[in-house]
Amino acid sequence: MSQLLFQGVDGVADISESLRVHNLSTDHCSLSTVPEGDELHEECGVVAIHGHPHAAREAYLALYALQHRGQESAGIATADGAHLANIKGMGLVSEIFTDDVLAKLPGHLAIGHTRYSTTGDSALLNAQPIRVDSTKGLIAIAHNGNLVNLGNLRASLERDGAYFQTTSDSEIIVQLIAHSHSGTLVDCIADSLSQVEGAFSIVMMTRDRIFAARDPRGFRPLSMGRMKNAHGPDSIVFASESCAFDLLRAEFIRDVLPGELVMVSQDGVTSRQYASGVPQSSCVFEHVYFARPDSRIFGRWVQESRDQMGRQLARESGVPADVVVPVPDSGVTAALGYAEEAGLPFRMGLIRNHYVGRTFIEPEQRVRDFGVRLKLNPVHNLLAGKRVVLIDDSIIRGTTSRKIVRMVRGAGATEVHLRISCPPTISPCFYGVDTPSKRELIAANHSVEEIRQFIEADTLAYLSLDGLLQSVRDEKNTGYCTACYTGNYPTQWVDVEDILPAAVTT
Ligand code: SF4
């Protein structure tokens, strides 16, 4: 018999139902995603708050700052020492959590989650936090990352009588906790985490405690901070990125360490190392693209890393030009570094329309062709007659890059030199980043010269792997995962189908 009872959305089905609008589709119009699938997506952002009278509101603010890590669904669970409430919905944080909804989340403890799905589907059932009534008591969990030994664990748990309610890999962790024979809850959690392989930065909550943990390799970031309270002990907060602390006026304390499990209760903060001896392999792509430049992750400011990537790119593959133009927003910091190093003017020659939402009304199929143009528009007077160095952070399938190069040339640029602030992406990610399979990655199947021809740039150059690693180097010698650039995966488990190159056609 299963040891778990899943309770879905805890009596707020009306709220969740009303937010399904983004799944809407009719005969005459549909809601489509912007742009056309040539961007990479992070899976999730997580937050946790301990010891704040308005924990739900603080979690909401932190999730708002982490919205870039996932826009499909969001959720907040709160606890007041006796009860545990949980509300989640499809859509953006600000769409789901109105004042009325937040008022239904009492308590001084909260965890929150914003999701872009890569494992499991994007249905509300798989939105997080997941609340579980188990033999170990009520637990809510929110998870960033991907487990890679899912199949084996799921099969062995099912043999032990586990009954899975979702396809989310976070449920595996809770099932392992419920099935653990260790004596205390914290031992059960440590036992569970030591059995899973892959990437996870996790926050968990019981009626009166918060837990935060990172996988032994430290793939995904997770930071700990402190908020001063005028009339009582400090609140302890956790967030995927430190930019969330700024909105809360929280002070950054430190990163949760790889393989560390932190527990916060009314007695204070305790920590244990549940796993050690595994080399750190934090995701270097967080520095290249995902994390916000105003965040400090893996012990280093993202802004500083991107600036260095741009400078290194200029040193490695500088080209005579008149102006440096970023592909906004993520290419901006690297472009600033490139321009300074190359002694060239930096110009915002492409403008991003920030008011294009996650979705747009698509009355007719032909609108799909406008995908990139809905999002980016050239500034003609900055580009006309200029030799342009265009800085972007990745080329995935190549189709979006080609449209951008055409757009810049169409605005009158005489030359377009594309520079990419990381090495060619040749292999998919299994650790929480939604990359296509090897067959669809242009750099996995074509030379740099072939890609240049495809995207119609005058020249194309990528940052070297050495240059990338040099750009993120710190005094602690943090170890990085670079598998999407090398194909060398830090874990044993990968999906063989996904790493097969494209079939050779004649
Ligand atoms: S494969 Fe790439 S995106 Fe995935 S964790 Fe490693 S560096 Fe990050």
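We number each residue from 1, following the sequence as shown. One-based numbering, in listed order, for ligands and for the atoms of each.
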For Pro378, which residues count as a side chain to side chain contact (heavy atoms under 4.5 Å, CB included) partner, sequence neighbours excluded? Leu350, His380, Leu383, Met407, Ala411
Set of residues satisfying side chain to side chain donor-acceptor pair (under 3.5 Å) with respect to Ser182, sequence neighbours excluded: Ser180
Flag the pair Arg115 and Glu72 as a salt bridge only when some basic side-chain nitrogen lies within less than 4.0 angstrom of an acidic carboxylate oxygen. no
Should we say atom OH of Tyr64 is surrounded by more than 12 heavy atoms from elsewhere, each under 6.0 Å from it? no
For ligand 1, does Arg220 get within less than 4.0 Å through its side chain, its backbone, both, or neither, judged by non-hydrogen atoms? side chain
Between Gln67 and Gln71, does any side-chain donor sit less than 3.5 Å from a side-chain acceptor? no
For Arg306, enumerate each residue passing the salt bridge (charged side-chain N to carboxylate O under 4.0 Å, His left out) test, keeping only those at least two apart in sequence or located in another chain. none
Work out how many protein N, O or S atoms lie closer to atom 2 (Fe) of ligand 1 than 2.8 Å. 1
